[in-house]
Amino acid sequence: MKSKVTLKEMVGTKIIYALLLVCYYWMWARRDWHSYYTAIQNMVAAFTVIFFALQASRIHKYSKEEKDELAIQNLRRIDAVGLKIMTAATVVIAFACAVVFIDGRTAGYALVGMIFVLAVIRFILFCVMDSKGV
């Protein structure tokens, strides 16, 4: 991999981090057990180790490259929007738990699902803003 590491790539890989979080939450919160769950857990664990090793080398390479200041400013704007979205979603989930619409396990799924959705929204917004040069 001799290609230049871009900020778009770094933002896009956050989707994989969020997907791994959803997978690990599923492994921790499930209440049933099937024999093939062991294979899924082992595959997720192996993928996580390999992905983190590859990502560490990409992050190290990115830290040595020249930064795009406009892209960094766009990312900060998008993170501010994402914080507002996540705050609103957390309040809605907490309110639903308080009035007994959902239990704690379902609230956990809603939270990790929202983190995944937010990572996807963040990547899409970054791509749109970066392509327009806003």
Side-chain angles (χ1 to χ4, degrees):
M1 288 184 139
K2 298 277 185 191
S3 64
K4 184 176 178 176
V5 181
T6 63
L7 189 57
K8 189 180 287 190
E9 175 189 343
M10 301 305 288
V11 172
T13 56
K14 302 298 187 233
I15 296 172
I16 298 173
Y17 290 135
L19 185 62
L20 286 172
L21 178 67
V22 170
C23 290
Y24 278 101
Y25 185 77
W26 170 77
M27 284 190 269
W28 294 326
R30 67 176 177 257
R31 293 185 182 175
D32 62 340
W33 181 259
H34 298 286
S35 59
Y36 58 88
Y37 284 176
T38 306
I40 294 172
Q41 286 178 219
N42 291 337
M43 288 178 3
V44 169
F47 175 78
T48 302
V49 169
I50 292 168
F51 179 73
F52 281 166
L54 293 173
Q55 195 63 21
S57 67
R58 298 297 282 175
I59 290 171
H60 181 70
K61 185 176 179 181
Y62 177 74
S63 66
K64 292 182 179 182
E65 294 177 359
E66 188 175 327
K67 309 291 187 271
D68 182 6
E69 294 299 324
L70 181 61
I72 292 172
Q73 286 179 342
N74 286 338
L75 187 58
R76 287 183 183 147
R77 286 185 198 125
I78 293 164
D79 286 342
V81 171
L83 177 64
K84 292 171 185 155
I85 293 170
M86 192 63 190
T87 302
T90 305
V91 167
V92 168
I93 293 167
F95 183 75
C97 284
V99 293
V100 193
F101 289 140
I102 58 175
D103 63 340
R105 189 169 144 244
T106 307
Y109 279 116
L111 285 173
V112 296
M114 189 60 207
I115 291 171
F116 177 73
V117 168
L118 192 60
V120 172
I121 290 171
R122 182 180 185 231
F123 179 68
I124 292 169
L125 285 175
F126 181 76
C127 288
V128 169
M129 287 181 73
D130 196 42
S131 67
K132 291 186 178 185
V134 175

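Residues Ile85 and Met114 form a side-chain contact, since some pair of their non-hydrogen atoms from C-beta on lies under 4.5 Å apart. The side-chain heavy atoms of Ile102 and Tyr109, taken from C-beta on, include no pair separated by under 4.5 Å. In this structure the side chain of Asp32 reaches within 4.5 angstrom of the side chain of Tyr37, judged on heavy atoms. With a 4.5 Å cut-off on side-chain heavy atoms, Phe116 and Val120 count as touching. In this structure, the side chains of Trp26 and Ile40 come closer than 4.5 Å at one or more pairs of heavy atoms.
In this structure, Phe47 is a member of the same hydrophobic cluster as Tyr36, with clusters built from ILVMFWY side-chain heavy atoms closer than 4.5 Å. Hydrophobic clustering (ILVMFWY, side-chain heavy atoms < 4.5 Å, transitive): Val99 and Val91 are in distinct clusters. Under the 4.5 Å side-chain heavy-atom criterion for Ile, Leu, Val, Met, Phe, Trp and Tyr, Leu83 and Ile93 are members of distinct hydrophobic clusters. Residues Val22 and Ile121 are members of one and the same hydrophobic cluster, defined by side-chain heavy-atom contacts under 4.5 angstrom among Ile, Leu, Val, Met, Phe, Trp and Tyr. Linking ILVMFWY residues whenever their side-chain heavy atoms come closer than 4.5 Å, directly or via other members, leaves Leu20 and Val49 in distinct clusters.
Distance CD/Gln55 to CE/Met10: 5.0 Å, rounded to 0.5 Å. Atom-to-atom distance recorded for Ile78:CD1 and Leu118:CG is 11.0 Å, nearest 0.5 angstrom. Separation of atoms CZ (Phe126) and OG (Ser131) is listed at 10.0 Å; rounding is to 0.5 Å. Interatomic distance, CZ of Arg77 versus CG of Leu125, reported as 12.5 Å (0.5 Å rounding).
Residue pairs meeting the salt bridge (Lys or Arg N to Asp or Glu O under 4.0 Å) criterion with at least one member in residues 117-127, sequence neighbours excluded, are Asp79-Arg122.
Applying the 6.0 Å contact sphere to NE2 of His60 captures no more than 12 heavy atoms from other residues, nucleotides or ligands.
Of all non-hydrogen atoms in Trp33 and Gln41, the two that sit nearest each other are CZ3-OE1, 3.2 Å. The nearest pair of heavy atoms linking Asp130 to Ala71 is OD1-CB, 3.9 Å. Between Ile15 and Ala119, the shortest heavy-atom distance links the atoms CG1-O, 3.7 Å. The nearest pair of heavy atoms linking Arg105 to Ala29 is NE-O, 2.9 Å.
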Original post:
Stepwise, does the side chain to side chain contact (heavy atoms under 4.5 Å, CB included) test hold for Tyr25 with Leu111?
Top reply: CA-CA 10 Å; Tyr25 185 77; Leu111 285 173; over 6 Å; no
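Taking the centre of each ring, Phe51 and Tyr17 come in below the 6.0 Å mark.
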